[in-house]
Amino acid sequence: MDSLQYTSPEVTDLANALIAVQHTLQPAIKDRENPFAKSRYATLNSVMDSCRDALLTNGIWVTQYPVPAETGHLGLVTKLTHAESGQWQSSLLVMPLPKADPQGYGSAMTYARRYALSAMLGMVTEDDDDGEAASRDTSAKPRTARQPRQKVEVYPSPRIGPLKNRDF
């Protein structure tokens, strides 16, 4: 596909808003257990909870929708739109379906939404041990809640001006 299909001609305002979003993003909490892999992962709800306020505060609308893909695959578009300027950026994720039935499609859709959004925003996950460390070792240093980062100017220095479309 042509790269212009993934972005509006101008992205300066969107890029500045996304910089502000990344200043406030917190890691998504791994809130669910995967019994097969014996590991924890961040659900779609956790990912959305981690980014929703930062996106809305900075005027960015997220939409994710299925698109046609080859047989046995799911196609998903994730699109970030800057409400004020109308500038946008999107990505297309195509992945194989685990099963060719509604359950397999739904499972793949949730998985794809979680990973596509995380990738577009540069999100990471953080372990949440649900208090296990505190109950095992009382001498362990207590974990403190992370404080949201302070909102900062997108270009605070006179040496650094607003981003130009050519910067991307």
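Rounding to the nearest 0.5 angstrom, the gap separating the OG1 atom in Thr110 from the CG atom in Leu44 is 6.0 Å. To the nearest 0.5 Å, atom OG1 of residue Thr63 and atom CG of residue Leu80 are 10.0 Å apart. Atoms CG and CG, on Asn16 and Asn58 in that order, are 10.5 Å from each other to the nearest 0.5 Å. Interatomic distance, CZ of Arg52 versus OG1 of Thr57, reported as 12.0 Å (0.5 Å rounding). Here the CE atom belonging to Met120 is positioned 10.5 Å from the NZ atom belonging to Lys79, to the nearest 0.5 angstrom. Interatomic distance, Cys51 SG to Gln22 CD, rounded to the nearest 0.5 Å: 11.0 Å.
A search for side-chain contact (heavy atoms from CB on, under 4.5 Å) contacts involving Ala69 returns His73, Val94, not counting sequence neighbours. In terms of the side-chain contact (heavy atoms from CB on, under 4.5 Å) criterion, residue partners of Asp101 (sequence neighbours excluded) are, by chain and number, Lys99, Gln103.
Val62 and Met109 end up in different hydrophobic clusters when Ile, Leu, Val, Met, Phe, Trp and Tyr side chains are linked at under 4.5 Å. Tyr41 and Val47 fall into different hydrophobic clusters, defined by Ile, Leu, Val, Met, Phe, Trp and Tyr side-chain heavy atoms under 4.5 Å apart, directly or through other members. Grouping the Ile, Leu, Val, Met, Phe, Trp and Tyr side chains by contacts below 4.5 angstrom, directly or via other members, places Leu97 with Leu76. Note on Val67: it does not cluster hydrophobically with Leu93, by side-chain heavy-atom contacts below 4.5 Å among ILVMFWY residues. Put simply, Tyr115 and Leu92 are part of two different groups of oily side chains (I, L, V, M, F, W, Y) that touch within less than 4.5 Å, one to the next.
Nearest approach of Ser50 to Leu25, heavy atoms of both residues: O-CD2, 3.5 Å. Residue Lys38 comes nearest to Glu33 through the heavy atom pair C-OE2, 3.9 Å, listed as atom of the first residue, atom of the second, then distance. When all heavy atoms of Met95 and Ala108 are compared, the pair lying nearest together is SD-O, 3.7 Å. Taking both residues in full, the closest heavy atoms of Tyr6 and Trp88 are given as C-CZ3, 3.4 Å, listed atom of the first, atom of the second, then distance. Closest non-hydrogen pair, Gln64 versus Ala116, comes out as NE2-CB, 4.2 Å.
Judged purely by atom type and a 3.5 angstrom limit, Ser118 has no side-chain atom pairing as donor or acceptor with the backbone of Met123. At distances below 3.5 Å, at least one donor-acceptor pair connects side-chain atoms of Arg114 with backbone N or O atoms of Ala42. A distance-only check finds no donor-acceptor pair linking the side chain of Glu126 to the backbone of Pro27 [under 3.5 Å]. Proximity of a side-chain donor or acceptor of Ser8 to a complementary backbone N or O of Val11 within less than 3.5 Å is not detected. Gln87 places a side-chain N or O within 3.5 Å of a backbone atom of Thr12 that can act as its donor or acceptor partner. The main-chain N or O of Thr43 is never found under 3.5 Å from a side-chain atom of Arg32 such that the two would form a donor-acceptor pair.
Side chains of Thr7 and Gln89: no donor on one and acceptor on the other come within 3.5 Å.
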What do the steps show when you test Met48 against Leu117 for side chain to side chain contact (heavy atoms under 4.5 Å, CB included), and what is the final call?
CA-CA 9 Å; Met48 289 299 297; Leu117 181 59; 3.3 Å; yes

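Under a cut-off of 6.0 angstrom, the local environment of OH in Tyr105 is crowded, with over 12 non-hydrogen atoms contributed by other residues, nucleotides or ligands.
With a 4.5 Å cut-off on side-chain heavy atoms, Glu84 and Asp13 do not count as touching.
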